[in-house]
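This structure is a prediction, so every number in the text was calculated from the model and none was measured. Order of the sequence lines sets the chain letters (A, B, ...), proteins ahead of strands, with each chain counted from 1. Values reported hereafter were calculated over all heavy atoms of this structure, with side chains retained and with hydrogens, waters and symmetry mates removed.
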Protein chains: 2
Amino acid sequence: MSAPKTDSQQQILALLKQLNREISAQELYVELRRRSQSLGLATIYRALKALKLEGTIQTRTLSNGESFYSLAEAEQHYLTCLNCGKSILLENCPICQESAASREQEHFKIYYHILDFFGLCPSCQHQIHVES
Amino acid sequence: MSAPKTDSQQQILALLKQLNREISAQELYVELRRRSQSLGLATIYRALKALKLEGTIQTRTLSNGESFYSLAEAEQHYLTCLNCGKSILLENCPICQESAASREQEHFKIYYHILDFFGLCPSCQHQIHVES
DNA sequence: AATCATTTTGATAACGATTATCATTATTTT
DNA sequence: AAAATAATGATAATCGTTATCAAAATGATT
Ligand SMILES: [Mn+2]
Ligand SMILES: [Mn+2]
Ligand SMILES: [Zn+2]
Ligand SMILES: [Zn+2]
């Protein structure tokens with residue numbers, strides 16, 4: 001479960017633990033640079049990929065193709081607006097208790113899950129009704 | 001719920017109904033061309049966006065940024081491998097019965113939800129253990 | 001310590017799905 | 001018919017991500 005980690009992986013992991021929120025690769029790049037621990041962008045993507053394959057971090061990819069990274073232990077249930085793209089973090093998880101994906105779990109090694117509700121946020125409901 | 005639809009929207013909708021599986025925008029482009037109903041790629045993206053905002057179709061975006069489209073009524077619960085990216089469609093839904101996102105539903109208009117389990121498929125479990 | 005092999009890194013180019021632009025064509029309204 | 005509006009398609013631009021490749025760092029071997 002815990003493979004040997006490179007310096008860059010450890011730096012990223014430490015920052016993710018400290019921030020305790022999901023963050024994009026590009027944001028990671030500027031944030032690390034701001035803390036005078038700058039890493040190349042390619043290195044960041046490489047480290048994220050390695051941590052992802054270990055199951056240490058999880059990824060959520062928005063419909064615009066941008067991905068956000070966070071510790072795998074964090075919650076991942078959102079309410080996402082199809083219009084403005086903003087996501088609202090949900091507190092409770094309807095499935096964590098139940099034996100999720102019971103049969104498939106035997107052979108498929110599950111690291112985490114994401115439950116995403118898609119629709120329109122209040123302001124976008126207005127905006128769309130007005131402009132159409 | 002059902003806004004006036006352009007010809008291109010109707011063509012895409014008809015094809016989605018017929019195929020009854022999720023399909024990418026690029027695939028749609030070649031498939032429509034194959035059926036001598038060719039549409040411009042920009043038009044396809046425009047139509048997909050409009051149908052999405054109506055709640056008629058749903059989108060699932062892979063971690064590589066590519067999006068797949070299908071009718072909103074179809075199931076959307078997957079087992080996705082972090083290594084090869086392949087997704088396995090799950091049959092049962094652990095949450096459809098329960099009043100999902102109960103409180104938020106009042107103001108946030110939910111069209112559909114996606115429940116995605118991420119991990120490693122059997123073959124990728126082997127592959128990674130061998131090469132490391 | 002010096003040499004060699006392996007790993008890690010970073011600058012940059014390449015990639016590819018999506019989006020913006022804009023002129024043309026179709027449709028509707030007056 | 002004329003004007004206004006909407007829809008379309010070819011193409012350029014965007015942008016997050018991935019591939020490339022040479023340099024630097026690390027570890028092993030003599
Ligand atoms: Mn959960
Ligand atoms: Mn369901
Ligand atoms: Zn919104
Ligand atoms: Zn796999």
Side-chain angles (χ1 to χ4, degrees), chain A residues 3-15 22-54 57-70 80 82-85 87 118 128 131-132, chain B residues 3-15 22-54 57-70 80 82-85 87 118 128 131-132:
Chain A
K5 294 185 180 38
T6 65
D7 286 347
S8 59
Q9 287 174 33
Q10 290 177 3
Q11 285 186 43
I12 289 175
L13 211 46
L15 184 50
E22 58 176 14
I23 186 175
S24 71
Q26 312 276 343
E27 285 178 272
L28 267 175
Y29 177 69
V30 299
E31 190 63 23
L32 285 172
R33 158 173 298 200
R34 205 173 62 78
R35 307 183 178 211
S36 50
Q37 294 174 311
S38 69
L39 290 175
L41 200 48
T43 301
I44 290 178
Y45 278 109
R46 270 189 295 249
L48 288 172
K49 182 179 181 182
L51 292 171
K52 185 171 69 175
L53 283 181
E54 282 181 10
I57 66 171
Q58 59 186 322
T59 302
R60 188 170 70 104
T61 304
L62 273 50
S63 57
N64 62 8
E66 193 179 15
S67 290
F68 286 82
Y69 306 86
S70 61
T80 301
L82 291 167
N83 186 242
C84 63
S87 292
F118 293 91
I128 289 188
E131 72 183 17
S132 65
Chain B
K5 294 184 181 38
T6 65
D7 285 348
S8 59
Q9 286 175 31
Q10 290 177 3
Q11 285 186 43
I12 290 176
L13 212 45
L15 184 50
E22 57 177 13
I23 186 175
S24 71
Q26 312 276 344
E27 285 178 272
L28 267 175
Y29 177 70
V30 299
E31 189 63 23
L32 285 173
R33 158 171 298 200
R34 206 174 61 79
R35 306 182 179 211
S36 51
Q37 294 175 311
S38 69
L39 291 174
L41 200 47
T43 301
I44 290 178
Y45 279 109
R46 269 189 295 249
L48 287 172
K49 182 179 181 181
L51 293 171
K52 186 171 68 174
L53 282 182
E54 281 182 10
I57 65 171
Q58 59 188 320
T59 302
R60 188 170 69 102
T61 305
L62 273 50
S63 56
N64 62 9
E66 192 179 17
S67 290
F68 286 82
Y69 306 86
S70 61
T80 301
L82 291 167
N83 186 241
C84 64
S87 292
F118 293 90
I128 289 189
E131 73 184 15
S132 64

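Taking for each of A/Y29 and B/E66 the nucleotide of DNA chain C with the nearest heavy atom, the 5'-most of the two is the partner of A/Y29. Along DNA chain C, the nucleotide nearest to B/Q26 and the one nearest to B/D7 differ in position, and the one closer to the 5' end is contacted by B/Q26.
The distance from atom CD of B/Q9 to atom P of C/dT27 is 15 Å, rounded to the nearest whole Å. In this entry the distance linking CD of A/E27 with C1' of D/dT17 reads 16 Å, nearest Å. The distance between atom CG of B/L32 and atom C1' of D/dT8, rounded to the nearest whole Å, is 14 Å. When the P atom of C/dA20 is taken as reference, atom CG of A/N64 falls 11 Å away, rounded to whole Å. Spacing between atom CD of A/Q11 and atom P of C/dT8 amounts to 14 Å, rounded to whole angstrom units. Between the P atom of C/dT7 and the NZ atom of A/K49 lies a distance of 16 Å, rounded to the nearest Å. The distance from atom NZ of B/K5 to atom P of D/dA7 is 13 Å, rounded to the nearest whole Å.
Side-chain nitrogen and oxygen atoms of A/S8 include at least one within less than 4.0 Å of the OP1 or OP2 phosphate oxygen of C/dT9.
A/Q26 places a side-chain heavy atom less than 4.5 Å from the side chain of A/L41. Contact of the A/Q37 side chain with the A/L15 side chain is not registered, since no non-hydrogen atoms from C-beta on lie closer than 4.5 Å.
Annotation: side chain to side chain donor-acceptor pair (under 3.5 Å) contacts of B/S67 (sequence neighbours excluded): B/T61.
From B/S70, atom OG reaches atom CD1 of B/I23 across 10.5 Å, with rounding to the nearest 0.5 Å. We find the CD-CZ distance between B/E66 and B/R60 to be 10.5 Å, quoted to the nearest 0.5 Å. The line from CG of B/L39 to CG of B/L28 is 9.0 Å long, rounded to the nearest 0.5 Å.
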- Task: Decide side chain to side chain contact (heavy atoms under 4.5 Å, CB included) for B/T6 and B/T43; before the verdict, give the C-alpha distance in whole Å, the side-chain angles of both, and the deciding distance to 0.1 Å.
- Result: CA-CA 10 Å; B/T6 65; B/T43 301; over 6 Å; no
- Item | Worked check of side chain to side chain contact (heavy atoms under 4.5 Å, CB included) between A/F68 and A/E27 | CA-CA 9 Å; A/F68 286 82; A/E27 285 178 272; 3.4 Å; yes
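DNA chain C lies under 4.0 Å from at least one heavy atom of each of the following residues of residues 37-48 of chain A: A/S38, A/L39, A/G40, A/A42, A/T43, A/R46.
For the side-chain contact (heavy atoms from CB on, under 4.5 Å) criterion with A/I57, the lone passing option out of A/K49, A/K52, A/E22 is A/K52.
Backbone-only contact: A/S67 has heavy atoms under 4.0 Å from sugar-phosphate atoms and none from a base.
Fit an axis to the five pairs at each end of the helix from C/dA1-D/dT30 to C/dT30-D/dA1 and the two axes sit 20° apart, to the nearest 10 degrees.
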